[in-house]
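Down below is the structure, laid out as structure tokens.
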Amino acid sequence: MTVFSQMAAAGHEQVCHVADADTGLRAIVAVHSTALGPGLGGVRIREYADEQAALVDVLRLSEAMSYKAACAGLRCGGAKAVVLGPFPRDREAAMHALGRAVDGLSGRYVATEDMGMTEADIALLNEVTPHAVGRSLEAGGSGDPSPHTADGVIAGMRASLRAAGRTVDFQGLRVAVQGCGNVGFGVIERLLAAGATVIASDVSQQARERAAGAGAQIVDNDRIHAESADIFAPCGIGAILNAGSIAELGCAIVAGGANNQLAEAEDGERLAARGIVYAPDFVINAGGLINVSDELDSEGYNAERVRFRVASIESTLDEVFAQASAQGETTERVAMAMAKTRIEAGSR
Ligand code: NAD
């Protein structure tokens, strides 16, 4: 497949290859859509098997960003950058080279953090371009996105409870949280504060100990999905929902912060066939994106506006669940269609 045909498959606007001879930096920036605003998305630093694998990843990730931003009602499009690792040794010079490339896109792409990037890297990009966000609070930025993602997950759980015909109250609920990192631990703290019983798992002993210290009951990570619970919240890795695990789920609702929870598209149907309410990941976990995108507002970052928008994940999911039920369609497909409708309206 040529690059053009790969771009055409999902409607990408632009793909830009970046090479810096001085530092050895090699990166690809993919802008999927700017119909609703500048393409916002993280820079991912990763060792890829080859260039084609990097291209496939950046195309897939940038497309997903468009749908996440559109569902969250943001005036942002979707884009992403990948740096083909290992990252050059002279980090400052390589970040500056990347920043100059981003700057050359004149705001069509706005870079932020993803795997392998830190706030300090964003500060380096900002030395050569204004088109990078995710600055620290001290630097007037939006700070750590994960508490906002956790707030959004709780808002999404509320909508999910309603869709399952349950009372919207966490008191006495049993919630299984897989992955107790930045997002998962935030979700656990909020659930415990609201009176839920939390069972949790993680592959890291340190993360398990922190969760146990907060009051969660630790269970086997390989079996947590099968535990009897009102809600299962994947907050660690993706592809956790597959034919095997879905058949074993012991919950009424799946609502968590992890990206790419479905291993394949058919898993949305498998969940629906079991009568399990599924909050599409790219809708429920948009809190962090909502937070960082607020730096782009012409009046600057506003914490109150962020809180309001993150809370609105609940009403967005109410709409997704209502449409899915009316159309007999999966929640994932309904959310995707909602995003595409908004993007098409934006391009008109
Ligand atoms: P993190 O690195 O802080 O935490 C991830 C946790 O998952 C770690 O404690 C890790 O040990 C654990 N983990 C890794 N592999 C696991 C496995 N196989 N089983 C169980 N636990 C495992 O990351 P995070 O920021 O909390 O992000 C968690 C998930 O949420 C990721 O999928 C991420 O893409 C997604 N997400 C995060 C944000 C955000 O604001 N940080 C926003 C949107 C989506």
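Remember, it's 1-based here, ligands and their atoms both numbered in the order they're listed.
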With Arg162 as the cation and Phe321 as the aromatic partner, state whether NZ or CZ is under 6.0 Å from the six-membered ring centre and within 45° of the axis.
-> no

Using atom types as modelled, flag every donor-acceptor pair under 3.5 Å from a side chain in residues 36-47 to any protein atom, sequence neighbours excluded.
from	atom 1	to	atom 2	distance (Å)
Arg44	NE	Asp114	OD2	2.6
Arg44	NH2	Asp114	OD2	3.2
Arg46	NH1	Asp57	OD2	3.4

Quick one: do Arg274 and Glu269 make a salt bridge, cutoff under 4.0 Å?
-> no

Between Arg135 and Glu295, is the closest basic N to carboxylate O distance under 4.0 Å?
-> yes

What does the contact table look like for ligand 1 (nitrogen or oxygen on each side, cut-off under 3.5 Å)?
from	atom 1	to	atom 2	distance (Å)
ligand 1	3 (O)	Asn182	N	2.9
ligand 1	3 (O)	Asn182	ND2	3.1
ligand 1	9 (O)	Asp202	OD1	3.4
ligand 1	9 (O)	Asp202	OD2	2.7
ligand 1	11 (O)	Asp202	OD1	2.6
ligand 1	19 (N)	Asn221	ND2	2.9
ligand 1	26 (O)	Asn182	N	3.1
ligand 1	26 (O)	Val183	N	2.8
ligand 1	30 (O)	Gly257	O	3.3
ligand 1	32 (O)	Gly236	O	3.0
ligand 1	32 (O)	Asn259	N	3.2
ligand 1	34 (O)	Asn259	ND2	2.8
ligand 1	40 (O)	Thr149	OG1	2.7

Pairs where residues 242-265 contributes a residue and the test salt bridge (Lys or Arg N to Asp or Glu O under 4.0 Å) is met, not counting sequence neighbours | Arg223-Glu248, Glu264-Arg270

Determine which pairs satisfy salt bridge (Lys or Arg N to Asp or Glu O under 4.0 Å) with at least one residue from residues 143-161, sequence neighbours left out, and list them in order.
-> Asp151-Arg190, Arg158-Glu314

